[in-house]
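Inspection log for the structure reproduced underneath, given as structure tokens.
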Amino acid sequence: MKTIQGQSATTALTMEVARVQAISSITKCMDTIPSEYIRSENEQPAATTLQGVVLEVPVIDISNVDDDEEKLVKEIVEASKEWGIFQVINHGIPDEVIENLQKVGKEFFEEVPQEEKELIAKKPGAQSLEGYGTSLQKEIEGKKGWVDHLFHKIWPPSAINYRYWPKNPPSYREANEEYAKWLRKVADGIFRSLSLGLGLEGHEMMEAAGSEDIVYMLKINYYPPCPRPDLALGVVAHTDMSYITLLVPNEVQGLQVFKDGHWYDVNYIPNAIIVHIGDQVEILSNGKYKSVYHRTTVNKYKTRMSWPVFLEPSSEHEVGPIPKLINEANPPKFKTKKYKDYVYCKLNKLPQ
């Protein structure tokens with residue numbers, strides 16, 4: 001490719017290069033990025049982040065559930081109502097299980113040839129999110145996030161399509177299956193606490209969510225170095241569509257949460273699992289629990305990665321406020337609808 005300089009040349013770049021990883025390698029010696037990655041002024045992280053303050057979101061030790069479940073439920077309920085996000089520690093997932101998950105994901109993005117990655121790319125116009133890709137949803141004003149990603153389901157077995165699982169590195173499948181096995185135990189406990197916190201039986205929220213049919217959708221986010229992290233975002237501000245999202249990041253700062261009118265960086269805790277309350281739990285709880293409004297920034301010199309697992313309804317599953325929570329004093333605040341219809345409206349920026 002011919003040598004290029006300045007903004008006009010970089011805008012032409014994206015005609016030839018679809019992946020952010022490739023754009024990053026071409027622009028690393030520049031002080032500019034293609035215009036479609038430059039956010040509007042009211043979104044630019046340099047202008048909108050509260051500098052010098054790291055948000056200490058609630059950190060909850062979930063190892064003592066048998067000793068003091070009441071205390072644990074209280075902590076999870078308060079965090080889910082006030083913040084919509086918390087970090088769990090002593091969750092029981094061995095460190096090496098998380099390390100292996102991160103190792104094989106990093107190897108896929110950084111060591112597998114591009115042509116091989118493209119073999120599991122998401123097909124244009126596909127209904128499913130699964131596969132390797134870059135753009136995810138309809139972006140306002142055609143702006144793009146500084147991120148490549150890989151989506152695939154890791155549970156239940158009936159929902160898994162191994163076509164979208166990388167063949168390389170060879171240990172990819174084993175690492176992901178092992179992580180899924182451990183993660184389900186953590187998810188079951190969180191659902192139980194959320195259910196008890198609504199005055200329901202421990203099993204009722206999980207049952208309303210679809211029990212064994214709940215889909216675990218893994219996404220690997222790959223945010224390569226960006227010459228202008230002050231102007232770009234990795235993922236634009238959003239709430240998750242899921243019931244809950246369970247996320248492990250690498251050590252590079254990037255997650256931000258909107259609270260009390262400001263954007264804050266979220267404190268990084270090694271091997272903690274970050275829990276997001278998603279839209280569907282907000283709906284099930286009839287608004288008692290709040291889905292968290294968050295975004296991702298990028299770094300000038302380092303690659304950030306994260307591994308969120310979205311716990312979602314199956315596409316035909318209907319989600320609405322749990323009937324036991326509805327009465328004359330608490331009418332439903334949300335419609336009951338099929339998850340696939342919810343997703344369609346959200347991704348296309350349509351009213352629910």
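Numbering of residues begins at 1 and proceeds along the displayed sequence. Given the structure is predicted, the values throughout are model-derived calculations rather than measurements. As a basis for the values below, the full set of heavy atoms in this structure was taken, side chains included, without hydrogen atoms, waters or symmetry mates.
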| message | Minimum heavy-atom separation for Met241 and Lys346, please, with both atom names. | response | CG-CD, 3.6 Å

| Does the gap between the ring centers of Trp263 and Tyr293 come in under 6.0 Å? | yes

| said: Is it the case that the side chain of Ser25 and the backbone of Ala22 share a donor-acceptor pair, with hydrogens and angles ignored and the cut-off at 3.5 Å? | reply: yes

| said: Measuring from atom CE of Met205 to atom CG of Leu325, what distance do you get when rounded to the nearest 0.5 angstrom? | reply: 7.5 Å

| query | Taking atom OG1 of Thr303 and atom CZ of Phe109, what is their separation to the nearest 0.5 Å? | reply | 11.0 Å

| message | For the backbone of Val319 and the side chain of Lys337, can you confirm whether one donor and one acceptor N or O come within less than 3.5 Å of each other? | response | no

| task | Determine, using the 4.5 Å side-chain heavy-atom cutoff (strictly less than), whether Ile274 and Leu101 are members of one ILVMFWY cluster. | result | no

| request: Can you measure from OG (Ser193) to CG (Leu198) and round to the nearest 0.5 angstrom? | output: 11.0 Å

| query | Does Asp148 use its side chain to pair, donor to acceptor, with the backbone of Val20 at less than 3.5 Å? | reply | yes

| request: Give a yes or no answer on whether the side chain of Asp213 reaches the backbone of Ser314 with a donor-acceptor pair at less than 3.5 Å. | output: no

| task | Assess the side chains of Asn161 and Glu130: does a donor N or O sit below 3.5 Å from an acceptor N or O? | result | no

| query | Where do Glu177 and Arg173 land on the salt bridge (Lys or Arg N to Asp or Glu O under 4.0 Å) test, with the steps shown first? | reply | CA-CA 6 Å; Glu177 288 179 339; Arg173 177 167 169 172; 2.9 Å; yes

| Pairs involving residues 294-335, ordered by first then second residue, that meet ring pair (Phe, Tyr, Trp, His ring centres under 6.0 Å) (sequence neighbours left out) | His238-His294, His276-His294

| said: Looking only at the side chains, is there a donor atom on one of Lys117 and Gln21 sitting less than 3.5 Å from an acceptor on the other? | reply: yes

| query | Would you say Gln51 has more than 12 foreign heavy atoms packed within less than 6.0 Å of its CD? | reply | yes

| Pairs meeting criterion salt bridge (charged side-chain N to carboxylate O under 4.0 Å, His left out) with involvement of residues 304-325, two or more places apart | Glu204-Lys324, Glu316-Lys338, Glu316-Lys340

| query | In terms of side-chain heavy atoms, does Tyr342 have a donor or acceptor partner in Asp279 at a distance below 3.5 Å? | reply | yes

| task | Check whether more than 12 heavy atoms from other residues, nucleotides or ligands sit under 6.0 Å from atom CD of Glu82, and answer yes or no. | result | no

| request: Could you walk me through whether Asn299 and Gln253 pass the side-chain hydrogen bond (donor to acceptor under 3.5 Å, both in side chains) test, one step at a time? | output: CA-CA 8 Å; Asn299 190 286; Gln253 178 66 50; over 6 Å; no

| message | Counting only heavy atoms from other residues, nucleotides and ligands, does the tally under 6.0 Å from CD of Gln352 exceed 12? | response | yes

Name each donor-acceptor pair under 3.5 Å that joins a side chain in residues 71-80 to protein atoms two or more places apart or in another chain, with its distance.
from: Lys71; atom 1: NZ; to: Glu75; atom 2: OE2; distance (Å): 3.0
from: Lys74; atom 1: NZ; to: Glu78; atom 2: OE2; distance (Å): 3.0
from: Ser80; atom 1: OG; to: Ile76; atom 2: O; distance (Å): 2.7

| query | Tyr222 versus Arg19: any side-chain heavy-atom pair under 4.5 Å? | reply | no

| Any donor-acceptor pair under 3.5 Å from Arg295 side chain to Glu43 backbone | yes

| request: Check for a donor-acceptor pair, side chain of Lys143 on one end and backbone N or O of Ile38 on the other, with a separation under 3.5 Å. | output: yes

| When you check the side-chain N and O atoms of Tyr172 and Glu107, is any donor under 3.5 Å from an acceptor? | no

| query | With distance as the sole criterion, is a donor-acceptor pair present between the side chains of Gln256 and Thr296 under 3.5 Å? | reply | no

| said: Would the distance check show the side chain of Asn250 and the main-chain N or O of Val252 forming a donor-acceptor pair, the cut-off being under 3.5 Å? | reply: yes

| task | Step by step, work out the side chain to side chain contact (heavy atoms under 4.5 Å, CB included) result for Thr245 and Leu311. | result | CA-CA 6 Å; Thr245 303; Leu311 275 65; over 6 Å; no

| query | With no hydrogens and no angle check, is any side-chain donor or acceptor of Tyr289 less than 3.5 Å from a backbone partner on Leu194? | reply | yes

| Side chain of Gln87, backbone of Ile273: donor and acceptor closer than 3.5 Å? | no

| Would you say Asn286's side chain and Pro321's backbone share a donor-acceptor pair under 3.5 angstrom? | no

